[in-house]
There are 2 protein chains.
Amino acid sequence: MDAKTVDAGLLQSRYRLTKQRAAVLRALGDGAHLSAETILVRVRTEMPAVSLGTIYRTLDILREIGLVQIFSYTGSAARYEAALEKHHHLLCSVCNSLVNVRVDGLAELAQDIARRERYSNIDFSLTIVGRCNDCTKRMN
Amino acid sequence: MDAKTVDAGLLQSRYRLTKQRAAVLRALGDGAHLSAETILVRVRTEMPAVSLGTIYRTLDILREIGLVQIFSYTGSAARYEAALEKHHHLLCSVCNSLVNVRVDGLAELAQDIARRERYSNIDFSLTIVGRCNDCTKRMN
DNA sequence: CTCTCTGCAAAGCATTTGCACATTG
DNA sequence: CAATGTGCAAATGCTTTGCAGAGAG
């Protein structure tokens with residue numbers, strides 16, 4: 001997702017494209033999974049006065065527009081990422097790192113279930129929690 | 001999961017089987033997805049002095065032992081349920097109701113990915129979010 | 001100029017924790 | 001009776017919100 005796409009997304013919406021919003025999008029530009037706090041830190045390097053409130057408000061707008069995706073898991077801060085192609089997550093139960101994966105065939109599986117149970121307008125997400133390779137090595 | 005299974009689970013663990021813990025398990029006995037608050041209310045009908053702290057501590061222990069499963073989703077209280085057979089969730093985006101479903105073939109899919117990405121000791125969960133049948137009808 | 005956005009600080013909510021006493025095995 | 005569990009209330013951490021001023025179109 002390049003800067004133009006991003007700005008276009010905001011401009012087409014009913015929201016204004018402000019410096020703060022652009023900066024939040026830039027902070028997420030490298031595809032990282034960041035907490036609101038971390039985004040605040042990143043944004044403050046170029047704009048020291050932004051507040052955490054603005055970060056949250058911005059993230060919420062960006063999610064609504066579909067530019068940002070939220071990952072939250074029991075008992076810790078949510079992590080935000082730029083919404084690129086549909087993907088799922090591997091969460092390490094030791095170091096809490098998060099990795100994206102495509103899961104072929106999952107869309108069909110989810111659609112079948114939704115149809116059978118009569119759910120419409122669905123979205124779906126798979127989270128796999130386990131010990132990542134680095135942490136497994138480190139534990140020997 | 002009957003009362004004996006439950007009590008056995010606790011007894012075999014390093015934890016004591018107290019009235020409070022038994023009551024929490026009983027509160028979840030009907031297979032519902034309950035918030036800690038709701039569990040508190042249920043437990044208090046037979047034991048008015050229990051505290052919310054105890055509910056949370058108990059749920060955490062039960063989760064550790066594997067008797068309870070947590071479902072949490074961005075921006076609201078977690079819901080707890082008795083851990084029966086492995087299943088996944090359909091969450092209604094309108095009324096927030098939660099429904100259990102078995103998803104055949106998902107275990108294999110998840111295992112393949114975990115193997116490829118070198119994650120061990122995995123667990124996985126699929127959440128499908130959409131509009132349930134009742135809410136779809138209600139919106140016409 | 002009007003409407004939207006922002007910073008700030010306070011509030012909100014779910015969850016966790018320290019401590020002194022009660023209960024369990 | 002020694003170890004663990006509990007109630008209470010305060011603390012915590014993340015997120016949201018009211019308000020008054022700043023900025024955009």
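By convention in this document, chain letters (A, B, ...) are assigned in the order of the sequence lines, proteins followed by strands, and residues within each chain are numbered from 1.
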The side chain of [X] is closest to which nucleotide in this list: [options]?
X     : options                : value
A:R21 : C:dT24, D:dG7, C:dC5   : C:dC5
A:R16 : C:dG7, C:dC3, D:dA3    : C:dC3
B:K19 : C:dT23, C:dT15, D:dA24 : C:dT23

Quick one: does any side-chain atom of [X] pair with a main-chain N or O of [Y] as donor and acceptor, under 3.5 Å?
X      : Y      : answer
B:R118 : A:C132 : no
A:K86  : A:S125 : no
A:R131 : A:T136 : no
B:R63  : B:I70  : no
A:T38  : A:L34  : no

Could you check how far [atom1] of [X] sits from [atom2] of [N], rounded to whole Å?
X     : N      : atom1 : atom2 : value
A:Y73 : D:dT15 : OH    : C1'   : 21 Å
B:L17 : D:dG5  : CG    : P     : 11 Å
B:Y80 : C:dA14 : OH    : P     : 11 Å
A:R79 : D:dC14 : CZ    : P     : 12 Å
B:I55 : D:dT6  : CD1   : C1'   : 11 Å
A:F71 : D:dT15 : CZ    : P     : 13 Å
B:I61 : C:dT16 : CD1   : P     : 12 Å

To the nearest 0.5 Å, what is the distance between [atom1] on [X] and [atom2] on [Y]?
X     : Y      : atom1 : atom2 : result
B:H88 : A:L109 : NE2   : CG    : 9.0 Å
B:L67 : B:T58  : CG    : OG1   : 12.0 Å
A:R79 : A:S97  : CZ    : OG    : 8.0 Å

Practice prompt. Could you note down all residue pairs passing ring pair (Phe, Tyr, Trp, His ring centres under 6.0 Å) where residues 55-78 of chain A supplies at least one of them, sequence neighbours left out?
Written response: A:F71-A:H89

Shorter than 3.5 Å, N or O on both sides, protein versus nucleotides 17-21 of chain C: list them out with atom names.
residue : atom : partner : partner atom : Å
C:dG18  : O6   : B:R57   : NH1          : 3.4

Worksheet item: Under 4.0 angstrom, heavy atoms only, what part of the nucleic acid is A:E37 near: base, sugar-phosphate, or nothing?
Response: nothing

Worksheet item: Hey, is the side chain of A:T18 poking within less than 4.0 Å of OP1 or OP2 on C:dT6, counting only N and O atoms?
Response: yes

Practice prompt. Output yes when at least one side-chain N/O atom of B:Q20 is less than 4.0 Å from OP1 or OP2 of D:dG7, else no.
Written response: yes

Discussion item. Under 4.0 Å, heavy atom to any atom of DNA chain D: which of residues 38-47 of chain A qualify?
Written reply: none

